[in-house]
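Here is the structure we will look at.
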Amino acid sequence: MKFSSSYEPGDFESDIYAAWEAAGVFKPTISIFPTDDNSDGHDDREDGSPCYSIVMPPPNANGNLHIGHGLTIALEDSLTRYYRLRGKSTWYIPGADHAGFETWVVYERNLEAKGHTRFEFDRNELYARVWDFVAEQRGNMELQLRALGASCSWDDLTFTLDENVIDRVYTTFEKMWNDGMIYRGEKLVNYCPKHQTAFADIEVEHQDEKGTLWEIEYRLAEALREEGILDAIVVSTTRPETLFGDVAVAVNATDERYKHLIGKTVHLPLTDRDIPIIADEHADPEYGTGAVKITPAHDFDDFEVGERHNLPRIQVISEDGHMINVPEKYLGLTTMECRKQVLKDLKEQGLLKGEKSINHSVAHCYKCGTVIEPMLKEQWFVDVEKLAKTAIEHLENNEIKFHPENKQKVLINYLKNLKDWNISRQIPWGIAIPMFKKVTEEATDEPDWIFDRRTNLKEIEKAGVKYVRDEDTFDTWFSSGHWPIVCTNWTEENYNPYYPLNVMETGADLLFAWVARMIMMGLYVTGEVPFREVYLHGMVLDAHGKKMSKSKGNVINPMDLVTKYGSDAFRLGIIRGRSAGMNQAFSENSVISGRNLCNKLWNISRLIQSIVDEDGDISGSYTTNNMGEDWICREINDCLKQVEQSMKNYRFSEAIETLYQTIWDKYADWFLESQKIFRNVPLLKVTLETILIALHPFAPFVTEAIWQNLSWTEGFIITQKWPRELKYDPISAENFESLIGIVSEVRGTLQALSGTNNAKKYALMYDNDSLVEDNLLLIRTLTKVPSINPLNGAPRGLRVALANHELYLDVPEKVVAEYRDSLTEKILAVGRELDSLNARMMNPNYVDKAPAHLVKETRDAIKEKEGLIARLKSQLELI
RNA sequence: GGGGAUUUAGCUCAGUUGGCUAGAGCGUACGAUUCACAUUCGUAAGGUCACAGGUUCAAGCCCUGUAAUCCCCACCA
């Protein structure tokens with residue numbers, strides 16, 4: 001294969017992915033149930049396990065990947081590829097989400113556009129229709145995952161509605177039912193009248209809004225005039241239309257204004273009912289009039305007040321948002337219509353005493369923005385007490401390591417305040433709740449509800465008793481909580497080396513909704529935490545640090561960037577400059593610099609291939625023949641160590657930074673430049689292989705493309721072994737560091753002179769310096785000075801500002817004189833550094849208490865600076 | 001009300017248990033160019049590490065307080 005002369009990722013990325021897939025390299029090498037004969041002989045058992053497992057947070061099967069998915073895949077795939085190179089049997093399990101509510105909303109919108117409504121079809125029919133709808137859309141998302149380079153085991157893709165998922169969910173539910181953790185409760189739920197479904201607390205969005213606080217007079221049923229006080233109580237409310245559901249008025253027991261009214265009765269306006277005045281801490285004397293009407297069926301707080309005082313619940317708003325159980329006049333009105341009418345009528349009766357505008361937060365449906373109506377409904381609830389308690393115990397036992405660390409505490413704090421979990425959703429697109437309600441009335445001994453897996457049936461019969469299925473489906477998070485269990489095919493019977501997962505990587509925003517539930521479910525089902533570590537990434541913001549949103553028009557599509565710059569560039573760009581848990585800005589620039597690195601690597605490889613072609617492919621082990629060669633071995637070793645350390649700590653950005661610097665600033669700029677003179681083919685080969693493998697986790701395509709292009713490499717880079725340490729001579733390596741210092745200083749001095757002399761290159765002279773003498777050609781090439789000669793006789797020209805080397809640039813007197821100011825400035829600068837070092841040494845406490853090596857370093861530095869100043873000063877005198 | 005963060009160069013961010021002159025990318029300025037790479041090479045400018053105290057031989061880092069910005073949870077009749 002011949003290298004194309006320019007780096008064109010679009011030419012090879014899809015072919016390479018296809019080749020990997022065809023070769024089956026994404027599959028784990030050890031099966032779930034290990035047998036004796038499938039060890040691959042290269043176990044890297046640093047943590048005791050030959051296996052590495054990670055699951056993909058399933059993207060919506062019916063959507064496209066967004067930038068957050070891009071980050072997720074970049075991070076997870078880098079981990080996967082890294083541990084694969086480290087010799088682990090790596091299992092990266094892909095997924096697709098039925099995305100219950102999301103997909104349902106899209107589908108229902110489609111249905112409405114065609115003039116239909118969901119109510120024309122029964123549940124099974126709708127389920128089948130959405131299934132087909134999603135099946136049409138599937139594939140897009142999977143193609144995009146491939147374009148991002150996800151090296152996941154496609155045969156094991158788990159769809160959230162797969163049989164095994166449903167089975168597992170039913171098994172857990174049954175266990176919970178038998179354990180008495182599931183109950184049917186009439187509770188207030190967050191209800192969206194538009195979608196006609198309930199939501200978990202976590203799915204509701206609160207927004208601050210302007211509203212009106214009305215003050216309504218409720219007259220006392222028994223007049224208290226004789227006591228000379230009040231004959232009425234004024235309540236504050238933002239929802240006058242709910243007064244039909246009022247069952248009490250609450251005041252605070254400590255509120256002197258109303259104390260004497262507790263236990264009395266008031267007449268509920270516009271009705272023929274009387275309701276009691278009760279004392280409850282919920283009433284805040286500071287807020288409004290200090291008296292609050294209690295409507296347990298339509299307000300969360302009132303519901304609790306009702307529970308405390310055993311009050312009835314009167315539902316006055318129907319599930320589609322119309323008034324029910326109200327006087328004829330208001331019956332069937334929408335809540336807003338009713339509100340207007342009520343206010344008008346109250347006003348006419350002189351009962352409307354005040355109207356204030358206030359700011360308060362209002363709950364909205366996170367999908368359609370409709371105001372959430374607290375609705376009294378019978379739903380299935382999970383009693384979370386035991387689940388949360390167990391989870392907290394294991395978290396406090398540090399069984400899961402969090403990145404960033406602080407999320408552990410945040411999660412524990414959340415679990416401590418967790419309320420019971422409403423798992424019923426009134427959406428057909430989801431896993432049916434396997435509960436059936438008794439309809440045979442005579443069978444009084446039988447329970448009202450029974451568990452049964454046959455949810456494909458609407459009606460079942462057991463022992464002559466008929467039951468009908470609950471129409472509801474599970475909250476998505478109930479099944480998602482099983483993700484690590486179902487993806488790894490964990491079972492009660494067999495040991496599974498892939499469970500718990502090594503790591504769970506997902507967005508920080510899912511800590512509560514998902515991570516918490518996976519931990520609770522994992523512990524409940526398997527008795528073990530579902531993963532050893534959690535890595536949470538933050539949100540990807542636009543270049544100005546603003547949240548991306550369609551309405552702002554600042555959404556970046558990852559696929560556009562992949563097309564434009566290549567998948568590797570995207571991956572490098574999105575990981576760079578990003579740390580765990582932080583919401584951070586992202587701009588195309590970082591992708592461009594990623595692309596540039598790929599291009600650099602491409603050209604490095606072309607250069608080395610051309611040297612191999614010219615000099616012949618000398619195989620076998622290398623020997624180092626000069627300082628630069630020893631030095632690059634040392635630098636590459638350091639780089640590998642740092643990358644290993646970074647990966648261990650999930651510091652992806654740091655790993656990339658290290659590689660970037662090593663490849664570009666060290667390998668290309670110094671080593672390869674020196675190799676243009678020396679040409680050590682076996683070393684060039686092994687070092688190139690090493691950096692390619694080390695970069696492979698982050699830039700899989702270009703490293704594989706190069707691997708395939710090089711004449712001497714075999715197999716795929718994806719299945720290579722992580723490189724071993726390179727052998728080198730440390731003293732020689734250190735000498736090269738001095739040479740770099742010399743070259744840099746000469747370059748800098750020449751540049752400083754060029755201001756007046758247009759970068760004219762002057763000859764370099766050395767006095768009694770073996771490092772320079774032994775490397776004349778190299779220094780000449782790197783500095784581009786025309787010649788390097790021994791200094792014969794007295795120092796002349798311009799002294800290069802180096803402490804340990806006697807070097808002069810052969811610059812005419814006149815130019816040196818012009819340089820005088822810069823020289824003076826330089827002496828002053830070094831002098832300032834020297835002063836601060838001296839000050840440190842003058843402090844006896846420093847010499848006493850600081851570690852000895854630091855004190856020594858300071859001494860050495862002082863000596864060096866003093867030498868440098870002395871030399872520069874003598875130079876100044878020469879001028 | 002409860003919890004969690006952030007504040008370092010023009011911009012976006014690193015800076016691990018305190019330890020040499022606080023780093024990178026982008027941007028800026030100046031210079032280079034017969035080829036591995038202009039998706040390049042070289043050089044440079046640019047910082048009161050939010051502010052005020054404290055601990056320490058030594059603080060960007062630890063402690064206390066202040067300010068600003070942001071996120072999550074609960075509540076707002």
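We name chains A, B, ... by the order of the sequence lines, and we start the count at 1 in each one.
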Could you check whether A/E673 gets within reach of a base, just the sugar-phosphate, or nothing at all, counting any heavy atom under 4.0 Å?
-> base
When all nucleic acid strands are considered with a 4.0 Å heavy-atom cut-off, which category describes A/R840: base, sugar-phosphate, or nothing?
-> sugar-phosphate
Pick the C1' atom in B/rU28 and in B/rA9, then give their distance to the nearest Å.
-> 12 Å
For residues A/Y660 and A/F698, establish whether the separation of their ring centroids is below 6.0 Å.
-> no
In whole angstrom, give me the gap between the P atoms of B/rC71 and B/rG54.
-> 35 Å
Quick one: label A/R595 by what it contacts on the DNA or RNA (base, sugar-phosphate, nothing), any heavy atom closer than 4.0 Å.
-> base
Looking at every strand, decide which applies to A/L511 at a 4.0 Å heavy-atom threshold: base, sugar-phosphate, or nothing.
-> nothing
When we call it a touch if two heavy atoms are under 4.0 Å apart, what does A/E657 touch: a base, just sugar-phosphate, or nothing?
-> sugar-phosphate
Please work out if A/S579 contacts a base, only the sugar-phosphate, or nothing of the nucleic acid, heavy-atom cut-off 4.0 Å.
-> sugar-phosphate
Pairing partner of B/rA22, by Watson-Crick or G-U wobble and under 3.5 Å for both distances, is none
Touch check for A/P851, heavy atoms < 4.0 angstrom, all strands: base, sugar-phosphate only, or nothing?
-> base
Looking at the side chain of A/L672, which of B/rC13, B/rU21, B/rA36 is the nearest nucleotide?
-> B/rA36
Distance between the C1' atoms of B/rC73 and B/rU12, in whole angstroms?
-> 30 Å
Between CD of A/E654 and P of B/rG15 the distance, given in whole Å, is 7 Å
Pick base, sugar-phosphate or nothing for A/W664, based on heavy-atom distances below 4.0 Å to the nucleic acid.
-> sugar-phosphate
A/Q609 near the nucleic acid: base, sugar-phosphate alone, or nothing, with a heavy-atom cut-off under 4.0 Å?
-> nothing
Describe the nucleic acid contact of A/A861 in one word from base, sugar-phosphate, nothing, applying a heavy-atom distance below 4.0 Å.
-> nothing
Quick one: which of B/rU12, B/rA36, B/rG25 gets closest to the side chain of A/A668?
-> B/rA36
Out of B/rC41, B/rU16, B/rG19, which nucleotide sits closest to the side chain of A/D669?
-> B/rC41
Under the 3.5 Å rule, do the base of B/rA36 and the side chain of A/K676 count as making a donor-acceptor pair?
-> yes
Across the strands shown, which category fits A/Y414 at heavy-atom distances under 4.0 angstrom: base, sugar-phosphate, nothing?
-> nothing
Ring centers of A/W664, A/F671 separated by less than 6.0 Å | no
Give one of base, sugar-phosphate or nothing for A/T238, where a contact means two heavy atoms less than 4.0 Å apart.
-> sugar-phosphate
Describe the nucleic acid contact of A/G288 in one word from base, sugar-phosphate, nothing, applying a heavy-atom distance below 4.0 Å.
-> nothing
State whether A/K600 places a side-chain N or O below 4.0 Å from either non-bridging phosphate oxygen (OP1 or OP2) of B/rC41.
-> yes
For B/rG19 versus B/rU56, give the span between their C1' atoms, rounded off to a whole number of Å.
-> 12 Å
Tell me what A/K865 touches on the nucleic acid: a base, only sugar-phosphate, or nothing, going by heavy atoms under 4.0 Å.
-> base
Between B/rU16 and B/rU6, how far is it from one P atom to the other, in whole Å?
-> 12 Å
Salt bridge present between A/E644 and A/K641 (N-O < 4.0 angstrom) = no
List the atom of A/I632, the atom of A/T687, and the distance in Å for their closest heavy-atom pair.
-> CG2-CG2, 4.4 Å
Would you mind telling me which of B/rG4, B/rA14, B/rU43 lies closest to the side-chain atoms of A/R747?
-> B/rU43
When you measure from the centre of the six-membered ring of A/W421, is the NZ or CZ of A/R517 under 6.0 Å away and within 45° of the axis?
-> yes
